[in-house]
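Below is one structure; the comments refer to it alone.
So you know, we letter chains A, B, ... as the sequences are listed, proteins then strands, and number each from 1.
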Number of protein chains: 2
Amino acid sequence: MSSTEIAYEKKEHIMDIAEKLFAEYGYEAVSTRKLAADAQVNIAMISYYFGSKEDLYLAVIERRILSLRTATHIIDDKHMTHLDKLLHLVDMIVDRFFENRLFHQIMYREMGMSNRSKIFNFMMDKWLLNFNVLKHIIEDGIQKKVFKKVDAGFTILTIIGTPRMYVQSDQMAQKIMNLKSLDEVYMLDMKNRLKNHLKELISNHLSK
Amino acid sequence: MSSTEIAYEKKEHIMDIAEKLFAEYGYEAVSTRKLAADAQVNIAMISYYFGSKEDLYLAVIERRILSLRTATHIIDDKHMTHLDKLLHLVDMIVDRFFENRLFHQIMYREMGMSNRSKIFNFMMDKWLLNFNVLKHIIEDGIQKKVFKKVDAGFTILTIIGTPRMYVQSDQMAQKIMNLKSLDEVYMLDMKNRLKNHLKELISNHLSK
DNA sequence: GTAAATTAATTAAACGATTGATTAACTTTG
DNA sequence: CAAAGTTAATCAATCGTTTAATTAATTTAC
């Protein structure tokens, strides 16, 4: 293994620990010393690899953002009904929330604050793209009279807000769902229950 | 006006400013100096009135929590159908989110973090009471066969998660709803749209 | 191939700035 | 005058960041 690979792994390791801590305690509450201690590296390594604490924070966010693709291609799929497209997107959205829960916890906390940096707007734009895919399908379905005349904006907030509520307040979710441990919250069974709930909800909401 | 009244108003004023700042930036990101400057009081007044920054934080939260009543009485109302009870609760919940949006922003951010203090569990218990009112009505309705066999837990997350999404990420909501200013997000018209959306959604979801 | 030179990685210690909190002196109030 | 309220100045602790010295790894030179 070359040294550049080791360095890469070490960078990734620091980002992993940072992501966990930022998600759990919030950016300001995590000191560089606590971060270095948890990652078992010297404090100076943060500056050495990332420049500053804020740059590390941005790197953590950017790493996940770049992996998120917008599902615009679904809009143009001729073989799917409007409802099928929507239900397929629900699957994707729930999967993403479960896969990147730490990132979502960070991002949505950030979204509730005043613009901290340039990356805030970058995130916002990225997500609006996703929202607009949903919005386009719903509004097109309404116009083509395959959907009821629902409030498209709030319908999107329901589709996103439900898994967000579940993941971001997982301790609360655990109690509501009568789960014994926090780990159970993120098990496949619960993910499927969430998907089924959302799909039935949306189907009943939109179908004439 | 007596001096105790002036002191009371000054305390309330500090708490108002603190609530706004904590909601906007988060607890750690707000320094006592920034707080004192915004409230136009001396830094020492925070210790003088509240003891410490954390005690001020707890006081801000406690002030709102104490004003929240649990709507347990609705369960026992004989003159309302199960659906009526639920829709009435939806009204109450949305009203609360709009009335105490700063508090909700603080509380739900707190809920996403690791237990910061005793008040965390106090908040959690308080909210579980509200959730259980919803859960009781839904499960009772299912058992009495006036409701479809839905997933009660996730249905609650939808009812709470939708207004939460709207209020906690108001800048995002503004863009999704095509509103010109952030103030429009909190106007009566939007609140009613949200209520109507949730009521129709829940009605279709639960009605046989 | 190996020793020297160069670069990268890592460390403990220290930097100035800012943090929450307190002090002691002063002013206002009843 | 006693109590409550208010102030500027200061406290030690912690913050993010940087330094200078050292070790490890890689490249170069022969």
Can you tell me if Tyr49(A) touches the phosphate of dA8(C), counting only side-chain N or O atoms and a distance under 4.0 Å to OP1 or OP2? no

Strictly by salt bridge (Lys or Arg N to Asp or Glu O under 4.0 Å), give each pair with a member in residues 149-160 of chain A just once, sequence neighbours left out. Asp151(A)-Arg193(B)

Taking side-chain hydrogen bond (donor to acceptor under 3.5 Å, both in side chains) as the definition, give me every residue that meets it alongside Asp91(A), ordered by chain and number, with sequence neighbours left out. Lys199(A)

So, using side-chain hydrogen bond (donor to acceptor under 3.5 Å, both in side chains) as the criterion, who are the partners of Thr158(B) when residues are at least two apart? Thr162(A), His197(A)

With sequence neighbours excluded, what pairs up with Leu35(A) under the side chain to side chain contact (heavy atoms under 4.5 Å, CB included) test? Ile14(A), Ala18(A), Leu21(A), Phe22(A), Val30(A), Ile46(A), Leu56(A)

Distances under 3.5 Å between nitrogen or oxygen atoms of protein and nucleotides 17-19 of chain D:
residue	atom	partner	partner atom	Å
dT17(D)	OP2	Lys53(A)	N	2.7

d(OH, Tyr57(A); P, dG16(D)) in whole Å: 14 Å

Report the distance from atom CD of Gln40(A) to atom C1' of dT10(C), rounded to the nearest whole Å. 15 Å

According to side chain to side chain contact (heavy atoms under 4.5 Å, CB included), who are the partners of Thr72(B), at least two apart in sequence or on a separate chain? Thr70(B), Val133(B)

May I have the distance from Tyr48(B) (atom OH) to dC26(C) (atom C1'), rounded to whole angstrom? 14 Å

Protein-nucleotide distance (Ile14(B), atom CD1; dT6(D), atom C1'), rounded to Å: 11 Å

Stacked cation flag Lys191(B) on Tyr186(B), 6.0 angstrom / 45 deg: no

Atom CZ of Phe50(A) and atom P of dT10(C) are separated, to the nearest Å, by 12 Å

Specify the separation, in whole Å, of atom CD of Glu9(B) and atom P of dT6(D). 12 Å

Could you state the atom-to-atom distance from NZ of Lys34(A) to P of dC15(D) in whole Å? 11 Å

Whole angstrom value for the distance that separates P of dA24(D) from NZ of Lys10(A): 12 Å

